[in-house]
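Here's the structure, in structure tokens; my notes come after.
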Amino acid sequence: WDGDNDGLLDCEDGDCPLWVDDDSVAPVPDGSPAAPFPDIGAAMVEADVGVCTSIWVEPGGYAPFGWPLSGRDVGVFATGPTAATVVDGGGTATLVTVLGGQSSDSIIEGFTLINGLGPSGGAVVVMNSDFTISACHLEDNESLNDGGAVGVSGGTVHVLSSTLTS
């Protein structure tokens with residue numbers, strides 16, 4: 001993944017990837033391995049303004065989050081088993097929102113997305129963007145109107161090596 005298009009894989013860049021760990025107690029999280037962000041949303045804010053657009057997420061439980069409205073492509077990758085890296089909406093929120101005009105280079109990979117609820121797509125909502133879901137498990141997500149687990153309006157979602165169950 002070369003999200004900042006500098007010719008180096010982000011893992012070779014000095015400040016990449018951005019790390020996330022729900023167990024982080026860093027007093028000043030900066031996304032480094034020593035001071036990871038405690039949630040994906042904070043890492044996404046940094047990815048929108050910094051040079052790094054790869055986020056590596058340690059196993060754990062995470063809150064819903066969204067892609068930058070700027071349209072910046074970001075890759076969010078679980079570092080552990082799919083079943084151990086979970087975004088859970090608690091039956092009250094859409095889990096992942098992509099609304100900024102992203103390309104299919106924006107990807108979520110290796111997560112379990114559960115208990116999402118939204119007006120159009122309980123797990124993932126994509127509007128005026130393209131998006132890739134890879135090696136994920138989507139379960140018990142519900143839409144109030146249409147879309148079920150994934151809702152798309154004005155874009156495309158590529159689902160690769162993933163499972164969707166009710």
Side-chain angles (χ1 to χ4, degrees), residues 1-4 10-11 13 15-118 121-127 129-141 149-151 157-160 162 164:
W1 175 264
D2 181 19
D4 55 5
D10 285 344
C11 57
D13 290 347
D15 59 350
C16 289
L18 296 170
W19 286 88
V20 176
D21 188 339
D22 69 334
D23 293 326
S24 177
V25 293
V28 182
D30 60 11
S32 68
F37 292 109
D39 60 79
I40 300 168
M44 197 61 77
V45 168
E46 178 62 26
D48 191 32
V49 298
V51 292
C52 184
T53 57
S54 290
I55 299 172
W56 290 4
V57 181
E58 293 289 334
Y62 296 93
F65 62 96
W67 255 250
L69 293 177
S70 67
R72 191 159 198 204
D73 289 327
V74 178
V76 179
F77 305 94
T79 62
T82 300
T85 312
V86 178
V87 178
D88 188 339
T92 63
T94 298
L95 306 176
V96 176
T97 56
V98 184
L99 311 173
Q102 281 75 14
S103 78
S104 59
D105 288 339
S106 283
I107 183 172
I108 185 168
E109 182 173 290
F111 285 80
T112 294
L113 305 174
I114 60 171
N115 300 320
L117 175 67
V124 178
V125 170
V126 175
M127 296 180 70
S129 301
D130 293 331
F131 189 65
T132 302
I133 300 168
S134 178
C136 289
H137 177 72
L138 288 66
E139 184 173 344
D140 292 331
N141 296 290
V150 179
V157 174
H158 305 275
V159 181
L160 311 170
S162 298
L164 289 79

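Keep in mind that this is a model prediction, so the values were computed, not measured.
The shortest side-chain heavy-atom distance between Val98 and Val157 does not fall under the 4.5 Å cut-off. Looking at heavy atoms from C-beta onward, Pro36 lies out of side-chain contact with Val20 at the 4.5 angstrom threshold. Two residues are said to be in side-chain contact when any heavy atoms from C-beta on lie closer than 4.5 Å; Val126 and Trp67 fail this criterion. Two residues are said to be in side-chain contact when any heavy atoms from C-beta on lie closer than 4.5 Å; Leu95 and Val124 fail this criterion. The closest side-chain heavy-atom distance from Val96 to Ile133 is not below 4.5 Å.
Side-chain atoms of Arg72 come within 3.5 Å of backbone N or O of Ala47 as a donor-acceptor pair. In this structure, the side chain of Gln102 does not engage the main chain of Ile107 through any donor-acceptor pair within 3.5 Å. Panel note: side chain Thr82, backbone Thr112; no donor-acceptor pair is recorded below 3.5 Å. Between the side chain of Ser162 and the backbone N or O of Ala135, at least one donor-acceptor pair lies under 3.5 Å.
Scanning all heavy atoms of the two residues, the minimum distance from Gly101 to Ser129 falls at N-OG, 2.8 Å. The minimum heavy-atom distance linking Ala78 with Gly110 is given by the pair CB-O, 3.1 Å. Contact detail for Pro17 and Cys52: the closest heavy-atom pair is CA-SG, 3.6 Å.
Here the CG-CE distance, from Asp39 to Met44, works out to 10.5 Å after rounding to the nearest 0.5 Å. Taking OG1 of Thr85 as the start and NE2 of His137 as the end, the distance is 13.5 Å to the nearest 0.5 Å. In this structure, Asn141 CG and Thr94 OG1 are separated by 9.0 Å, a value rounded to the nearest 0.5 Å.
With 3.5 Å as the limit, one finds a donor-acceptor pair spanning the side chains of Asp73 and Ser106.
Residue pairs meeting the ring-ring contact (aromatic ring centres under 6.0 Å, His included) criterion with at least one member in residues 84-112, sequence neighbours excluded, do not occur.
Not counting sequence neighbours, the partners of Glu46 by the side chain to side chain contact (heavy atoms under 4.5 Å, CB included) test are Leu18, Phe37, Val49. Applying the side chain to side chain contact (heavy atoms under 4.5 Å, CB included) test to Glu58 and every residue at least two apart in sequence or in another chain returns Trp19, Asp21, Tyr62, Thr79.
Exactly one of Leu164, Ile114, Val87 qualifies for a side-chain contact (heavy atoms from CB on, under 4.5 Å) with Leu138. That residue is Leu164. If you run side-chain contact (heavy atoms from CB on, under 4.5 Å) between Val74 and each of Asp105, Asp48, Ile55, only Ile55 comes through.
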Step by step, work out the side-chain contact (heavy atoms from CB on, under 4.5 Å) result for Ile108 and Phe65.
CA-CA 11 Å; Ile108 185 168; Phe65 62 96; 3.9 Å; yes

